[in-house]
Amino acid sequence: MMDVPGDVEMPHLVDMVTRNLKATPLYTDMRQAAAAQAQKDSFHLGDLKQSLLSALEESGWERKLRNAVYREMLVCAQRELSIAPPEDQKEPLTYMRKAQAAWEKRILKSLNSMCTELSVPLARKRPPQEQKELLSRWSELGTEEPDLSHFRPVYAPKDFLEVLVNLRNPNSNWTEQTSHFNLWGLVQLPLRTKTRKQLQSDFSELSISEPQAGVDDSPEIPADVFASERTKLGRRVLEADHSPLAQQYAKKGCPTGLRGTVWAQILGVKVDSVDQLYYQQLKSYVIHHDLLIDSLIYKDVKLTAANDDYYFVFEDLLHQILLIFSRDTSVLKCFAHTSATPAKSYIRGKLGMEEFQVTYPPSGVIPFHGFTMYCASLCFVYDEPAKLYFIFREMYTRYFFHLHHMSSHPQGIVSLCALFESLLQTHEPELFYHLKGVGAQPLKIAFKWLMRAFAGFLGSDQLLLLWDRVLGFNSLEILSVLAFAIFSFRRTNLMEVSSYAAAEAVLSDLTTLKLVPLLQLALFS
């Protein structure tokens, strides 16, 4: 599903991909490799270009370049690329840009209020003794029990939903009386959403007739029928070291033993000595400076992963990864293609002086309640901290970033909510109308699932099977399909509820659900 928007000219796209690749270490490494090849005695200067291309192909650089170009194309496919002005490229809808700006001001006001109330600075340098103590207990950060009772999450999913449901297009005069039934829902915006027929085409590999990891590898089926063959195929895919093959393979799910390597190949993450050095540098930033954000991260880990039967064992590791993530300025690249802007602050004593304005936190990401769960689920796949970190960073910048910022992008949270409501209203109108009538708007229940990509709601094995498909299809729309499928599956019980609390109780435990049969039921039944 790597479609390039129609108003994008190919030269413009090629130019963008080329510019992006020139900013990567791959470009420098290839130049050095080309120079080394040209110095060999066997090199023919008579046909410089062809000889160089042949040499790079034989030494494996061509495959690396193809993988890098493919990954850039995937990223481009998620952006609203056009030749429009920069502001419109980020977000074409003016009212959406204004709403995002107002939301960011609200977040910043909440953060500043917390600083004032608690008399805590946004950032401070740790004394040498505190630095030594933090370094000595780096691998057991979860054992500390500081008093964080006065700290509160800057916002939670329900706060964000309140803002989204109040979004209105000022150019539209639709009313509940004159509009068609898709405005039963909370998202009352004229956004284009896909039909089930279009989704069937997009997710055709999930067809009931296709073998799937998550169904055909169950204990009831002899292992040699599917699982062993799937693993053999996976090993051949990994040996090819070709990102498109790995992505195609993930569409039907990954065996547990191969998942980490397949995901890394799709995301283009290969942790080398330079990456290890960068990871240690970020760690040193955490050691040297204490941020207010650190307390918010610590509290979120305690309230979510540390309080969960599946994830509490990863508490120490989560503290490390999320603290380091908050210092990583490379995450700021997310903001280059969206109307969202990172929060700004001033160096102490330099208030109002623009040259002393800095991004806060350095990553630009202010965590919400439940943010920890994006990373917690990856701990089942990766146990080496640096590898886990770079996978998490790539997953966040490519996918999770879209789930807590307002935009009209088809992969953004607003469009995902609209798609969920559209599917449920179209294919389960009686259920939707009943829930609306008893004050249990479906999106109020499903929103937290969508915003957290189901992390912490599904069973851990089923969640990883879901994320296999997110990576394989390079799409977050499957989250909306799953949310619709869950409501449809629990239809009988939901039709009997008479209040929001009762509906929420029916859908409170998703850990027993099986992902693939639900998706197949929603799409192909």
Side-chain angles (χ1 to χ4, degrees), residues 102-163 283 285-308 311-312 314-328 342-351 358-376 404 447-448 451-452 455-456:
W103 172 243
E104 288 166 356
K105 287 180 180 178
R106 178 175 163 181
I107 293 174
L108 196 55
K109 182 179 179 181
S110 176
L111 200 61
N112 287 329
S113 297
M114 200 183 312
C115 284
T116 304
E117 292 170 11
L118 303 178
S119 299
V120 176
L122 286 172
R124 67 177 180 88
K125 187 170 183 179
R126 301 183 196 272
Q129 184 59 35
E130 186 180 338
Q131 293 180 27
K132 290 180 182 178
E133 291 175 358
L134 180 59
L135 188 60
S136 66
R137 55 183 173 81
W138 180 253
S139 60
E140 48 190 35
L141 293 174
T143 60
E144 295 298 308
E145 295 290 343
D147 181 16
L148 298 176
S149 57
H150 298 294
F151 288 88
R152 61 184 183 276
V154 177
Y155 69 100
K158 63 181 180 61
D159 303 315
F160 192 37
L161 178 61
E162 287 176 7
V163 176
K283 176 180 173 181
Y285 295 158
V286 178
I287 299 297
H288 289 131
H289 289 87
D290 178 33
L291 306 183
L292 171 66
I293 292 293
D294 296 352
S295 296
L296 299 180
I297 289 171
Y298 193 94
K299 185 156 189 174
D300 191 54
V301 173
K302 288 291 185 184
L303 289 175
T304 54
N307 202 31
D308 189 286
Y311 301 102
F312 74 94
F314 304 125
E315 183 180 354
D316 295 328
L317 189 55
L318 287 169
H319 284 299
Q320 297 172 35
I321 301 303
L322 294 174
L323 288 173
I324 285 174
F325 177 80
S326 68
R327 271 63 169 186
D328 194 345
K344 302 288 186 179
S345 184
Y346 293 91
I347 294 175
R348 186 177 298 176
K350 306 292 184 181
L351 184 63
V358 295
T359 300
Y360 184 87
S363 68
V365 180
I366 297 175
F368 59 87
H369 177 57
F371 184 85
T372 297
M373 301 309 293
Y374 288 151
C375 184
H404 60 104
F447 184 75
K448 57 183 178 294
M451 189 170 170
R452 281 173 36 179

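Counting only distance, with no hydrogens or angles, the side chain of Tyr360 and the backbone of Leu122 share a donor-acceptor pair below 3.5 Å. For Arg137 (side chain) and Glu140 (main-chain N/O), no donor-acceptor pair under 3.5 Å exists by modelled atom type.
Counting heavy atoms from C-beta outward, Gln129 and Glu133 have side chains that approach closer than 4.5 Å.
Among residues at least two apart or in separate chains, salt bridge (Lys or Arg N to Asp or Glu O under 4.0 Å) pairs with a member in residues 285-303 are Arg124-Asp290, Arg126-Asp290, Arg126-Asp294, Glu145-Lys302, Asp294-Arg327, Lys302-Glu315. A salt bridge (Lys or Arg N to Asp or Glu O under 4.0 Å) check over residues 102-121, counting only residues at least two apart or in different chains, returns the pairs Glu117-Arg152.
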Item to complete: Start with the C-alpha gap between Ile287 and Trp138, add the side-chain angles, then the distance that decides, and say whether side chain to side chain contact (heavy atoms under 4.5 Å, CB included) holds.
Response: CA-CA 9 Å; Ile287 299 297; Trp138 180 253; 4.1 Å; yes
Fill in: Residue pair Leu141, Leu134: steps toward the side chain to side chain contact (heavy atoms under 4.5 Å, CB included) verdict
CA-CA 8 Å; Leu141 293 174; Leu134 180 59; 3.6 Å; yes
Worksheet item: What's the verdict on side chain to side chain contact (heavy atoms under 4.5 Å, CB included) for Ser326 and Ile297, showing C-alpha distance, side-chain angles and the deciding distance?
Response: CA-CA 9 Å; Ser326 68; Ile297 289 171; 4.1 Å; yes
Worksheet item: Could you go step by step and tell me if Asn307 and Phe312 meet the side chain to side chain contact (heavy atoms under 4.5 Å, CB included) rule?
Response: CA-CA 6 Å; Asn307 202 31; Phe312 74 94; over 6 Å; no
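A distance of 8.5 Å separates NE2 in His404 from CZ in Phe160, rounded to the nearest 0.5 Å. In this structure, the separation between CG on Leu111 and OG1 on Thr116 is 10.0 Å, given to the nearest 0.5 Å. Taking CD from Gln131 and NE2 from His289, the interatomic distance works out to 8.0 Å, rounded to the nearest 0.5 Å. Note that CG of Leu296 is 10.0 Å distant from CG of Leu291, once rounded to the nearest 0.5 Å.
The minimum heavy-atom distance linking Cys375 with Leu322 is given by the pair CB-CD2, 4.2 Å. Considering every non-hydrogen atom in both Pro121 and Leu292, the closest pair reads O-CB, 3.9 Å. Gly456 and Asp308 get closest at one heavy-atom pair: O-OD2, 4.5 Å. Taking both residues in full, the closest heavy atoms of Ser139 and Gln320 are given as CA-NE2, 3.6 Å, listed atom of the first, atom of the second, then distance. Of all non-hydrogen atoms in Thr372 and Thr304, the two that sit nearest each other are CB-OG1, 3.6 Å.
The aromatic rings of Phe368 and Phe371 lie perpendicular to each other, with more than 60° between the two planes, well past the 30° mark.
Remark: Thr359 engages Lys344 in a side chain to side chain donor-acceptor pair (under 3.5 Å) (not counting sequence neighbours).
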